[in-house]
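Report on the following structure.
Numbers restart at 1 for each chain; the letters A, B, ... are given by sequence-line order, proteins then strands.
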Amino acid sequence: MRPIKPLARSFYQSKTLKVAEALLGAVLVHATPEGTVAGRIVECEAYVGEDDPACHASRGRTARNGIMYGPPGFSYVYFTYGMHYLLNAVTEIEGFPAAVLIRAVEPLEGLDLMAARRGMEDVRLFTSGPARLTQAFGITTAQNGLDMTAGPLAIHRDGRKREGEIVWTGRVGIRHGTEKPWRCYLAESPYVSKR
DNA sequence: AGAATGATCCTCT
DNA sequence: GAGGATCATTCTC
């Protein structure tokens with residue numbers, strides 16, 4: 001009943017800010033042998049090109065950030081703080097490094113599996129943060145570089161009309177580039193990460 | 001307020 | 001190659 005068709009590559013091959021806003025309300029799905037989990041995206045951030053000081057590509061292409069230089073619609077998953085994985089969707093044309101960080105989703109399917117992976121029962125804390133959601137979804141660097149227009153990790157358009165107001169603020173958890181209002185979220189959602 | 005915890009990258013040899 | 005700073009965070013104290 002859920003979303004059937006993943007968002008196409010053309011959706012991602014667009015201005016990153018536009019993609020970030022359009023992803024609000026879309027549904028992230030991850031199918032694994034353990035089961036399938038799904039959640040509605042309620043918070044995103046844009047990281048745009050080598051001139052964006054907060055973007056991993058700000059110091060040029062490396063082995064780690066190479067995925068962002070590739071074609072749009074692929075996953076960019078990286079490990080940070082010695083314990084956390086963060087999920088991005090690559091945007092814009094091939095050769096231009098940019099991506100949208102998925103910061104929070106509203107749990108829709110696979111709640112039991114999310115609880116098991118998170119080791120807690122509070123639904124509000126399952127996916128309300130970029131590292132929380134990757135843990136709940138079972139996403140690690142094993143999922144880096146996957147084509148999200150097809151396959152086990154994908155983002156689907158939600159059939160429903162998007163409800164609620166969209167808010168833009170500065171990005172969270174970065175040192176440089178905090179003045180750019182490139183974080184967007186659904187104002188009414190209780191699953192937005194704090195701050 | 002600070003610890004946890006390790007991959008990555010920069011700056012030297 | 002080795003050493004050290006830096007981290008798109010979360011949880012607990």
### Task
State whether A/Arg61 and A/Glu50 are salt-bridged, where the test is any N-O pair (Lys NZ or Arg NE/NH1/NH2 against Asp/Glu carboxylate O) under 4.0 Å.
no
### Query
Relative to the ring of A/Tyr85, is the ring of A/Phe79 parallel (under 30°), tilted (30 to 60°) or perpendicular (over 60°)?
tilted
### Task
Assess whether side-chain contact (heavy atoms from CB on, under 4.5 Å) is satisfied between A/Trp168 and A/Leu17, documenting all intermediate values.
CA-CA 10 Å; A/Trp168 288 89; A/Leu17 291 176; 4.0 Å; yes
### Query
Out of B/dC10, C/dA8, C/dT10, which has the shortest distance to the side chain of A/Tyr78?
C/dA8
#### Entry: Whole-Å P distance, B/dA3 and C/dA5
16 Å
## Note on the structure
With the side chain defined as heavy atoms from C-beta on, A/Val172 is closest, among B/dG6, C/dT9, C/dA8, to C/dT9
### Query
Do any side-chain nitrogens or oxygens of A/His84 fall under 4.0 Å of OP1 or OP2 in C/dA8?
no
## Note on the structure
A/Pro130 has its side chain closest, among C/dA8, C/dT10, C/dC7, to C/dT10
### A/Arg171 to A/Tyr47 six-membered ring, cation-pi geometry met (6.0 Å, 45°)
yes
### Summary
Partner of B/dT11 under the Watson-Crick or G-U wobble criteria, both distances under 3.5 Å, comes out as C/dA2
### Query
Has the side chain of A/Gln135 got a donor or acceptor atom that lies under 3.5 Å from a matching backbone atom of A/Arg132?
no
### Task
Starting from C1' on C/dT10, measure out to CD on A/Gln135 and report it in whole angstrom.
9 Å
### Query
What do you reckon, do A/Tyr81 and the base of B/dA4 stack, with centroid distance below 5.5 Å and planes below 30°?
no
### Task
Check every strand shown and say whether A/Arg64 touches a base, only sugar-phosphate, or nothing at a heavy-atom separation below 4.0 Å.
sugar-phosphate
### Task
Report the distance from atom CG of A/Asn144 to atom P of C/dA8, rounded to the nearest whole Å.
15 Å
### Query
Once you round it to whole Å, what is the distance between P of C/dC7 and NE2 of A/His176?
6 Å
### Task
State whether A/Arg118 places a side-chain N or O below 4.0 Å from either non-bridging phosphate oxygen (OP1 or OP2) of C/dC11.
yes
### Task
Scan A/Thr62 against the nucleic acid and name what it touches under 4.0 Å (heavy atoms): base, sugar-phosphate only, or nothing.
sugar-phosphate
### Under 3.5 Å on both distances, the Watson-Crick or G-U partner of B/dG2
C/dC11
### Query
So what does A/Ala131 hit on the nucleic acid, given a heavy-atom distance under 4.0 Å: a base, only sugar-phosphate, or nothing?
sugar-phosphate
### Query
Between C/dT12 atom C1' and A/Leu125 atom CG, what is the distance in whole Å?
14 Å
### Task
Starting at atom CD1 of A/Ile67, determine the distance to atom P of B/dA7, rounded to an integer number of angstrom.
19 Å
#### Entry: A/Phe79 CZ to B/dA4 P, straight-line distance once rounded to whole Å
15 Å
### Message
How many whole angstroms separate atom CD1 of A/Ile102 from atom P of C/dA8?
### Response
16 Å
### Query
Between C/dA8 atom P and A/Met68 atom CE, what is the distance in whole Å?
11 Å
### Message
Check the phosphate of C/dA8 against A/Arg175, side-chain N and O only, distance under 4.0 Å to OP1 or OP2. Yes or no?
### Response
no
### Message
Please report whether the ring centroid of A/Tyr76 lies less than 6.0 Å from that of A/Phe74.
### Response
no
### Summary
Among C/dC7, C/dC11, B/dA4, the one nearest any side-chain atom of A/Thr80 is C/dC7
